[in-house]
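Read through the structure below, which is laid out as structure tokens, and then see the notes.
So you know, we letter chains A, B, ... as the sequences are listed, proteins then strands, and number each from 1. The figures that follow rest on heavy atoms only: side chains count, while hydrogens, waters and symmetry mates do not.
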Amino acid sequence: DAGVTQSPTHLIKTRGQQVTLRCSPKSGHDTVSWYQQALGQGPQFIFQYYEEEERQRGNFPDRFSGHQFPNYSSELNVNALLLGDSALYLCASSLESRWASYNEQFFGPGTRLTVL
Amino acid sequence: QKEVEQNSGPLSVPEGAIASLNCTYSDRVSQSFFWYRQYSGKSPELIMSIYSNGDKEDGRFTAQLNKASQYVSLLIRDSQPSDSATYLCAVKSDRGSTLGRLYFGRGTQLTVWP
């Protein structure tokens, strides 16, 4: 049973560029949440996708956008990269319902983004 | 603004001792609580979840929840050097406008020395 997978593992970009990160959830899960973890900090919630729609969004600018595909995989896009976007980007998968959120979230290995 | 606070650490204990990690949260209506372990350079790994007041044991790990005090803790018995990691406390929102998102503390770094 494959766990949560993310690609790429590492990425180096320059300021102003755009980046796309990818995530495939754990088998049987239908919901993907994205988190940003800066060095020495806990993960910060970016947004969550359920039924191919953005269900929740954290306090991140519109430069951060996402998508969920019919097979439940997801992408995170960041435009106009800033130095401060350098972080570990984590994808977490879970099995949710439209009206309740009671299940555990399991993280993928993450993508380390460095913006120069 | 939901806040999750963890004891700042770092925490250092000898092998075989009990490590105690603490966490408080600000949102009184939170219902789901989690402990994640994160090794340096790796992603968080779920080690415990707890939803009801009281204790929940899993091997050497015991999670304790007190909703009245808005407090959750993790005890690690017979600590091993392999337990050395950062432990993240997470609280899950269970209501409408913030449904499904996890709020994390900054983590407590634990070192178990032989």
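- In this structure, B:Tyr36 and A:Phe107 have side chains that are in contact, with non-hydrogen atoms separated by less than 4.5 Å.
- The side chain to side chain donor-acceptor pair (under 3.5 Å) contacts involving residues 2-13 of chain A comprise nothing, where partners must be two or more places apart or lie in separate chains.
- Atom CZ of B:Arg77 sits in a crowded spot, with more than 12 heavy atoms from other residues, nucleotides or ligands closer than 6.0 Å.
- By the 6.0 Å contact criterion, OH on A:Tyr72 is open, its count of non-hydrogen atoms from other residues, nucleotides or ligands being 12 or less.
- In the displayed structure, A:Asn71 atom CG is contacted under 6.0 Å by more than 12 heavy atoms of other residues, nucleotides or ligands.
- Within residues 83-92 of chain A, the residues having any heavy atom less than 4.5 Å from a heavy atom of chain B are, in residue-number order, A:Leu88, A:Leu90.
- Taking chain A as the reference chain and counting heavy-atom pairs below 4.5 Å, the highest number among B:Gly107, B:Gly41, B:Pro44 is found for B:Pro44.
- Note on A:Phe60: it clusters hydrophobically with A:Phe47, by side-chain heavy-atom contacts below 4.5 Å among ILVMFWY residues.
- Counting non-hydrogen atoms of neighbouring residues, nucleotides and ligands closer than 6.0 angstrom, the CD1 atom of B:Ile18 reaches no more than 12 such neighbours.
- Within 6.0 Å of the CZ atom in A:Arg57, the count of heavy atoms belonging to other residues, nucleotides or ligands exceeds 12.
- Within a 6.0 Å radius of CD in A:Gln44, no more than 12 heavy atoms belonging to other residues, nucleotides or ligands are found.
- Side chain of A:Gln48 to main chain of B:Gly100: a donor-acceptor pair is present (N/O by atom type, distance under 3.5 Å, no hydrogens or angles).
- Of the two parts of A:Tyr35, only the side chain, counted from C-beta on, holds a non-hydrogen atom closer than 4.5 Å to a non-hydrogen atom of chain B.
- Applying the ring pair (Phe, Tyr, Trp, His ring centres under 6.0 Å) definition to pairs two or more places apart or across chains, those involving residues 4-28 of chain B are B:Tyr25-B:Phe33.
- In this structure, the portion of B:Gln38 lying under 4.5 Å from any heavy atom of chain A is its side chain and not its backbone.
- In this structure, the side chain of B:Ser43 engages the main chain of A:Gly108 through a donor-acceptor pair within 3.5 Å.
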Begin from the C-alpha positions of A:Glu96 and B:Arg101 and carry the test salt bridge (charged side-chain N to carboxylate O under 4.0 Å, His left out) through to its verdict. CA-CA 11 Å; A:Glu96 306 278 346; B:Arg101 67 175 70 177; over 6 Å; no
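- Inter-residue side-chain proximity for A:Gln105 and B:Leu46 is flagged as unmet; no heavy-atom pair is nearer than 4.5 Å.
- Clustering of Ile, Leu, Val, Met, Phe, Trp and Tyr side chains at separations under 4.5 Å places A:Leu116 together with A:Ile12.
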